> 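Below you will find the structure I want to go over with you.
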Amino acid sequence: PQAIHLDAYRKPDYRIESLALAFDLEPEATRVKSRLQIAYDGSPSDLSEAALPPLWLDGDDLKLLSVCVDGTPLDETEYRQDATGLSLDVTSPGFLLEIETEINPKANTRLEGLYISSGTFCTQCEAEGFRRITFFPDRPDVMTVYEVTLRADKALYPVLLSNGNLVESGDLPDGRHWTRWEDPFPKPSYLFAVVAGDLACVEDSFTTASGREVALRIFVEHGNEGRCAYGMDSLKRSMRWDEERFGLEYDLDLFNIVAVSDFNMGAMENKSLNVFNSKCVLADPDTATDADYASIEGIVAHEYFHNWTGNRVTCRDWFQLSLKEGLTVFRDQEFSADMRSAAVKRIQDVRSLRARQFPEDGGPTAHPVRPASYIEINNFYTATVYDKGAEVIRMMQGLLGREGFRKGMDLYFERHDGQAVTCDDFAAAMSDATGVDLNQFKLWYSQAGTPGVTVTGEYDAAARSFELTLSQTIPDTPGQSGKRPMHIPLDFALLDPDGQPMPLKLACEEAAPTSRVLELRAARQTFRFENLDHEPAVSINRGFSAPVNLSIEHTPATRAVLMGRDGDSFNRWETGQQYATGLLLEAVEAGGEGRQTPEALIDALRETLLDEAQDPAFRALALTLPGEAFLADQMKTVDVDAIHIAREKMRGDIARALRDELLETYRGMQSNAPFEPTADAAGKRALKNLALGYLTASGKAEMWDLAVVQSRNSDNMTDRMAALALLTDRQGPERDDCLQAFYQRYRDEPLVVDKWLALEAMSVLPGTLERVKGLLKHEAFTLTNPNKVRALIGVFAAGNPLRFHQADGSGYQFLADRIVELDRINPQTAARLIAPLGRWSRFDGARQALMRQALETILSAENLSPDVYELTSKSLT
Ligand code: B3K
Ligand code: ZN
């Protein structure tokens with residue numbers, strides 16, 4: 001397979017002025033007729049007939065039935081077809097092209113293009129699925145207006161949907177019917193969508209700020225109507241929020257969401273016809289957890305927000321993917337922060353950045369936020385493009401201020417509405433609207449790797465001054481070395497012993513604000529602050545203002561100030577995590593057991609646990625020890641066994657020391673009120689379940705009874721799952737009984753069966769791999785459904801380091817075999833399973849050899865997809 005390079009971008013030769021598509025939907029032989037009005041888009045000087053370049057149309061897995069130009073069928077000498085598309089000779093600068101193709105949606109297991117999910121026709125076109133429906137210049141800078149006609153059997157497919165407005169519909173002979181849709185907004189082909197099926201519909205409406213009445217519909221399988229309320233409410237709140245925060249209104253009279261059960265990712269922002277993985281929109285208290293509710297809220301918002309950031313203004317080419325994804329993740333993060341606790345949301349986002357993006361940035365597939373080359377674009381829907389991309393936008397807002405950022409957004413839409421643009425265009429709008437120079441800052445788009453920032457400080461009591469030195473290093477990443485210093489905004493304060501911010505007067509300045517953004521631009525910079533009466537505690541990178549690895553030493557005294565009294569709750573949490581991380585890594589060095597957990601940590605945790613002034617959700621996060629994967633990422637050579645032992649030992653120490661307080665918290669956070677998915681109620685459940693986790697770790701057998709009772713008797717999935725997640729790690733009859741009972745109760749609920757599979761895959765018990773292998777043959781499992789694959793195989797490989805990395809390499813070989821098997825069915829989902837094997841260089845020699853061997857197994861399989869080939873071969877270098 002060939003790599004494609006950003007440098008090689010050329011604008012298209014032809015414009016498509018309009019596109020009419022007509023579908024005759026049949027599961028095994030769908031006919032697609034397309035009529036394209038085409039115009040040469042080159043400079044008028046090369047308008048001589050001989051000079052007109054051929055027209056290239058992408059096509060993949062299509063049966064070509066006919067091609068006509070201006071009504072005349074082409075004969076086979078006038079076009080050339082290969083496995084990737086069609087090239088036509090062009091004789092006139094403007095012409096009508098008509099193409100008829102046939103496709104087989106039923107055979108489409110890749111879930112790209114038009115396919116069938118539980119009897120419903122649906123499409124997924126991003127990034128390059130449209131070429132699996134019809135021949136077309138399938139690139140985002142070709143935007144056009146669509147008219148779509150759908151014909152299908154009326155009894156089997158009473159609902160026929162596409163983008164835009166429904167303009168006409170009617171019945172046909174033989175029990176068929178039709179609908180016609182027009183989307184007035186020019187769009188790239190990746191935003192095209194069709195849905196046809198027998199679906200139930202839940203309806204609501206929204207009135208925009210300027211008074212437009214929008215019909216909102218969620219289409220689901222019959223029986224799921226009662227699980228749409230939260231998604232619908234999230235949609236309405238997103239619509240209002242985008243008006244209030246960014247002045248962005250919805251632009252059509254109709255907004256549809258369709259839930260399908262077979263989907264490669266979370267959801268898709270097709271213009272006015274979002275298609276969702278059912279997991280990301282359906283919820284009720286009996287089947288969804290608090291985490292599911294929060295994720296639904298965020299994803300519904302994310303897809304809605306794409307209507308402006310992605311659809312109205314789209315990407316020039318796929319290298320610019322973060323233009324829409326980073327920006328839209330940032331927008332959904334800000335939305336959730338406003339709907340819930342901003343501090344808790346920020347901590348959760350940073351945790352997931354560190355769990356997913358930092359390892360990617362430090363591994364063999366590291367790439368910049370704006371990659372410079374790719375083999376398969378589907379491999380670049382990554383944590384780097386999405387989540388680091390969002391951090392880049394957040395830093396811009398930090399540098400420009402909220403108001404400046406809003407001005408930049410306004411200018412961006414004013415300049416580029418209806419266009420396909422680049423990350424540079426976005427930065428230019430930000431900079432032109434505010435006068436802030438972003439030239440050095442833009443290195444965040446092109447340089448991969450997580451910057452390391454080292455902070456040292458020296459207090460001079462006699463001079464009453466404090467000298468802060470910051471230095472940065474950007475690690476080498478594949479294909480990039482010797483990088484330039486970045487522009488890093490660090491939110492900063494100095495705290496006195498009571499945690500109060502001290503005045504920050506720089507030697508060269510009069511002003512003395514109590515917080516400021518330090519802009520680190522050079523490899524090393526020193527700041528000298530004056531008029532300080534005490535040695536300060538340094539609170540830096542507050543709110544995680546920049547996505548860097550910070551290294552800073554605290555004294556026990558300054559640590560206590562930061563952990564207990566920093567007004568920035570992110571840093572309060574962060575300082576505690578750093579402290580625990582240091583202790584845990586020390587224990588790991590000593591083989592795991594280490595020394596007794598120090599009183600200072602226990603005392604700080606007790607104080608937080610009992611501090612009723614703080615949000616329970618925050619308290620739960622502050623008492624959660626750094627995860628095993630995070631700890632592993634801090635080590636040069638990972639020792640999964642010692643990490644597990646050390647963390648469990650510390651959990652036990654904390655549990656025994658705080659048993660009474662934990663029990664009191666567990667009881668105090670119980671509620672008899674009916675389940676509500678609010679942030680407040682969720683926070684209480686989080687703290688209660690955190691307490692339950694520690695109680696079961698305290699060594700008192702009767703504490704397990706609490707978990708058993710909770711798993712059986714709670715009225716909601718959050719509490720049931722929390723108890724089961726504990727029980728799954730405990731050998732014995734209760735475990736099997738509880739898990740069995742859970743499966744029996746929910747065997748007809750696919751989304752809950754996924755949770756059950758994940759519980760088994762997560763278990764730290766020694767027989768886990770064997771159980772996972774057994775479950776591959778269970779009635780509940782199938783390789784053709786991505787949710788099932790992720791729940792069982794994905795969770796085992798990426799969420800169970802202890803068992804995946806067991807020393808004999810059986811976990812690695814298991815994963816390799818599944819990837820090869822799945823690659824023949826669904827390359828995109830297969831490729832997403834590779835990452836854990838790519839971490840090989842961080843393990844001991846024996847594991848390194850076994851992990852590489854597993855990657856070699858994959859690479860030696862026949863007919864590997866470009867998706868799996870690209871990531872496997874990169875992982876081996
Ligand atoms: N834009 C889609 C992702 C498409 C992934 C294609 N492999 C969902 C989203 O980010 O909103
Ligand atoms: Zn997105």
Side-chain angles (χ1 to χ4, degrees), residues 60 108 110-113 115 122-132 138-140 163 187-193 231 234-235 238 242 257-260 262-277 279-281 295-315 317-336 352 356-357 369 371 374-390 392-393 420 423 786 790 826-833 865-868 870-871:
D60 175 21
N108 184 356
R110 300 166 58 150
L111 316 184
E112 293 175 85
Y115 64 95
C122 62
T123 52
Q124 172 54 39
C125 291
E126 189 178 359
E128 297 178 334
F130 193 69
R131 64 187 63 184
R132 293 167 54 78
D138 191 13
R139 43 188 285 174
N163 317 86
K187 64 169 174 289
S189 50
Y190 81 85
L191 291 173
F192 167 79
S234 303
L235 175 60
S238 317
D242 217 14
I257 286 180
V258 180
V260 300
D262 303 276
F263 207 63
N264 277 337
M265 63 266 166
M268 178 63 211
E269 71 264 24
N270 316 301
K271 182 79 185 188
S272 75
L273 179 52
N274 288 358
V275 177
F276 271 64
N277 184 328
K279 173 186 168 59
C280 300
V281 61
S295 120
I296 288 169
E297 178 175 79
I299 295 174
V300 167
H302 179 99
E303 306 310 332
Y304 173 71
F305 295 155
H306 268 315
N307 190 53
W308 279 94
T309 50
N311 302 6
R312 290 287 287 257
V313 183
T314 196
C315 302
D317 53 71
W318 291 120
F319 298 101
Q320 320 296 329
L321 182 56
S322 196
L323 173 79
K324 73 178 179 81
E325 295 304 348
L327 178 54
T328 305
V329 170
F330 170 73
R331 278 152 52 68
D332 84 55
Q333 290 177 345
E334 290 287 274
F335 167 73
S336 293
S352 108
R356 305 189 319 125
Q357 200 277 326
V369 169
Y374 60 76
I375 292 177
E376 170 52 61
I377 185 57
N378 283 321
N379 286 333
F380 286 78
Y381 287 75
T382 57
T384 298
V385 166
Y386 275 66
D387 301 339
K388 187 176 184 178
V392 171
I393 304 291
C423 299
R790 285 185 286 254
N826 184 337
Q828 212 181 110
T829 294
R832 294 214 151 225
L833 297 171
S865 66
D867 311 55
V868 169
E870 176 173 36
L871 293 182

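What you are looking at is a predicted structure, and each value in this text was computed from that prediction instead of being measured. Whatever order the structure lists them in is the order used to number ligands and atoms, beginning at 1. Below, all heavy atoms of this structure are taken into account, side chains as well, without hydrogens, waters or symmetry copies.
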> May I ask you to identify the nearest protein heavy atom to atom 6 (C) of ligand 1, giving residue, atom name and distance to one decimal place in Å?
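Of the protein heavy atoms, Glu126 O, 3.2 Å lies nearest.
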
> Against heavy atoms of Met268, which atoms of ligand 1 measure under 4.0 Å?
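Numbered from 1, ligand 1 contributes 1 (N), 2 (C).
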
> Consider every N or O of His306 and every N or O of ligand 1, then say whether any pair is closer than 3.5 Å.
yes

> Pick out which of Thr123, Asn264, Asn378 makes a side-chain hydrogen bond (donor to acceptor under 3.5 Å, both in side chains) with Glu112.
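Between Glu112 and the candidates, side-chain hydrogen bond (donor to acceptor under 3.5 Å, both in side chains) is satisfied uniquely by Asn378.
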
> Between Phe319 and Phe380 (judged by ring centroids, cut-off 6.0 Å), do the two rings come close enough to count as a pair?
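Ring-ring flag for Phe319/Phe380: false, centres at least 6.0 Å apart.
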
> Using a 4.0 Å heavy-atom cut-off, which part of Glu128 comes near ligand 1: side chain, backbone, both, or neither?
neither

> Using a plain distance cutoff, I'd like to know if Glu269 has any nitrogen or oxygen under 3.5 Å from a nitrogen or oxygen of ligand 1.
yes

> I need the nearest protein heavy-atom contact for atom 3 (C) of ligand 1: residue, atom name and distance, please.
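Sorting protein heavy atoms by distance from atom 3 (C) of ligand 1 puts Tyr386 OH, 3.5 Å first.
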
> Give a yes or no on whether Lys279 atom NZ has more than 12 heavy-atom contacts from other residues, nucleotides or ligands under 6.0 Å away.
no

> I need the nearest protein heavy-atom contact for atom 7 (N) of ligand 1: residue, atom name and distance, please.
Asn378 OD1, 2.9 Å

> Going by atom types only, do Asn379 and Glu870 share a side-chain donor-acceptor pair under 3.5 Å?
yes

> Among Thr314, Asn270, Asp138, whose side-chain hydrogen bond (donor to acceptor under 3.5 Å, both in side chains) with Tyr190 holds?
Thr314

> At the Zn ion (ligand 2), what is the angle formed between atom OE1 of Glu325 and atom NE2 of His302, rounded to the nearest 10°?
110°

> So is Gln828 touching ligand 1 or not, going by heavy atoms under 4.0 Å?
yes

> Taking NZ, NE, NH1 and NH2 as the nitrogens, is one of them in Arg132 or Asp60 under 4.0 Å from a carboxylate oxygen of the other?
yes

> Are any side-chain N or O atoms of Gln124 and backbone N or O atoms of Glu126, one a donor and one an acceptor, separated by less than 3.5 Å?
yes

> For N/O/S atoms only: which one belongs to His306 and is nearest the Zn ion (ligand 2)?
NE2

> Starting from atom 8 (C) of ligand 1, what is the nearest protein heavy atom, named by residue and atom, and what distance separates them?
Ala267 O, 2.9 Å

